[in-house]
Amino acid sequence: MLGYLFYILSGLTILTAIMMIAARNPVHSVLYLIATFFMVSGQYLLMNAQFLFVVNIIVYAGAIMVLFLFVLMLLNLNKETEPQKSMKTKLAGVIAGGLLLITLLGALIKGNVSSENLPITDIGLVKNLGRVLFTDFVVPFEISSVLFLSAMVGAILVGKRHNGETEVISE
Amino acid sequence: MSTLLIIKIVIILIIFTITLVAAMYSTYMERKVAAGIQDRIGPDRAGPWGIFQPLADGGKMFFKEDFIPGKSEKWLFILAPGLAMFTACMTGAIIPWGGTVTLFGETFNLQIANIDIGILYIMGFVSIGVYGIMIGGWASNNKYSLYGAVRASSQMISYELAMGLAILAIVMSTGSLNLGDIVEAQKGGQWNVFYQPLAFLLFLVCAFAECNRAPFDMAECESELIGGYHTEYSSMKLGFFLFAEYINMFISSAVISVLFFGGYNFPFMHDLGLSANAITFIGVGVFFAKILFFIFFFMWVRWTLPRFRYDQLMQLGWKALIPLAVINLMITGGWLMFKGDLLAMITKMF
């Protein structure tokens, strides 16, 4: 039963991911990406990683993608205004992507990976994950939080009004 | 099929029905409350005191012309109201509607799923709830709808932060994300609202914003945006959008009751000498009374306060609610950490 679910979810993940690239309209593209995130979250749930499942939905599907969609809607891109790439850029993209695909395929064929037969563990539950994060991995965890903080400060600095700039909305 | 499975299916059906009926009658209640506040009578034609008004409204919605604008994105236009309805209905699954019941030799909770990530699940569905509005607004291909969608999304993201931080204080003091545990921790009048009044206030304000209810209904602001994201919608598609708002309101009221007002707990529940089933039964009634009060509160505020301006809304969210929530979080953390020391110091002083 879980095996079938895995294959169905994987198929849908690949399908929505391809649709995301193939879609002409940027908004459709983002919507397909959101669907992909949901499928990936489903995979987490199959592995009993409840916390990752819900955080993936809240952070990626619920916050980052809403911002993406927000920006795309503000710009209101469509077929006519979409910037056209030259043949050279397209070719470079295909070669770079293809090389990455070959590398990944080579690594995966050599390595013996079977995600289907992974034993169901309790490591993904909030309690266990929290314990591991705050004991064994506390230094990387804290360092990554400092990284986020610096990114936040940077974003505020970029968005800050400089001296001499007037407010758009009069109070 | 095991008895437990059948019981769970029955519970799912009952909760789904209750959610829909509650949302339906909230529309009636809203009109009656509005009428009361504005010194009018309100709907009184369909049935005694107009209690069949929601049925009449629903019937009207179904039989109206279902119009899809020519230059809209047809499939997304159809998808959006369904999405709004779906996300609204899903949250009811983890709310503990009552305590344990023993029937046919099986003991079970009056809850569809008792999952450990309870609160996060609610936050997840709240955060994807905005897609219905966004997709609907964009697919309409109407600039007012687009404005509504853009406003809704930025408002939702802004207020989600403060909401999460307010909930975090509760999670810290309870030590669990599970809604059932949070309710159990509030047994015997130990309601969270007495310990976390600031978190309650913040959560309440954010709940108004997340439901797109007045005074934060920027997404459909009639005076500026005609109807906002649902300007182009008609028939039952419009009905779905409006209905989803009432379901969200019902669920928000339930979540507020669970997090801050003890859920199905009521004072002296174990001093009455009643059987467990009877206590659960009364508890469910008490829980619905609390929900009803908060639905009334939502309406009371809507018909009392004027709408915020958009920049005021953002200022309130980012410059008032989030700092307050962070301060509340720090105080909670400090209290949990140094509770023993502080109490010892106070006893030494006297």
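Throughout, protein chains are lettered first and strands after them, A, B, ... in sequence-line order, and every chain is numbered starting at 1.
When atom types are taken as modelled, the side chain of B/Y131 and the backbone of A/L31 share no donor-acceptor pair closer than 3.5 angstrom.
Interface remark: B/F125 contributes no atoms to any contact with chain A (heavy atom separation under 4.5 Å). B/I117 touches chain A through backbone and side chain together, each having a heavy atom under 4.5 Å away. There is no contact between A/F37 and chain B, counting heavy-atom distances below 4.5 Å. Interface remark: B/Q312 contributes no atoms to any contact with chain A (heavy atom separation under 4.5 Å). For B/V150, the parts lying under 4.5 angstrom from a heavy atom of chain A are both the backbone and the side chain.
Listed options A/V66, A/L67, A/L69 were ranked by heavy-atom pairs under 4.5 angstrom with chain B; first place goes to A/V66. Comparing B/G137, B/G124, B/G164 by how many heavy-atom pairs each has under 4.5 Å with chain A, the most go to B/G124.
Put simply, the side chain of B/E73 does not reach to within 4.5 Å of the side chain of A/V27, judged on heavy atoms.
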Item to check | Verdict with supporting geometry, B/L76 and A/H28, side chain to side chain contact (heavy atoms under 4.5 Å, CB included) | outcome: CA-CA 9 Å; B/L76 290 180; A/H28 290 179; 3.8 Å; yes
Donor-acceptor pairs under 3.5 Å, side chain of residues 174-186 of chain B to any protein atom, not counting sequence neighbours: which ones?
unit_1 : atom_1 : unit_2 : atom_2 : d
B/T174 : OG1    : B/I170 : O      : 2.8
B/S176 : OG     : B/N178 : N      : 3.0
B/S176 : OG     : B/D181 : OD2    : 3.1
B/N178 : OD1    : B/G180 : N      : 2.8
B/N178 : ND2    : B/N114 : OD1    : 3.2
B/N178 : ND2    : B/D116 : OD1    : 3.4
B/E184 : OE1    : B/K187 : NZ     : 2.9
B/E184 : OE2    : B/K187 : NZ     : 3.3
B/E184 : OE2    : B/Y264 : OH     : 2.7
B/Q186 : OE1    : B/N192 : N      : 3.3
B/Q186 : OE1    : B/G262 : N      : 2.9
B/Q186 : NE2    : B/I182 : O      : 3.2
B/Q186 : NE2    : B/V258 : O      : 2.9
B/Q186 : NE2    : B/L259 : O      : 3.2

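The shortest non-hydrogen separation linking B/S127 to A/I57 is OG-O, 4.3 Å.
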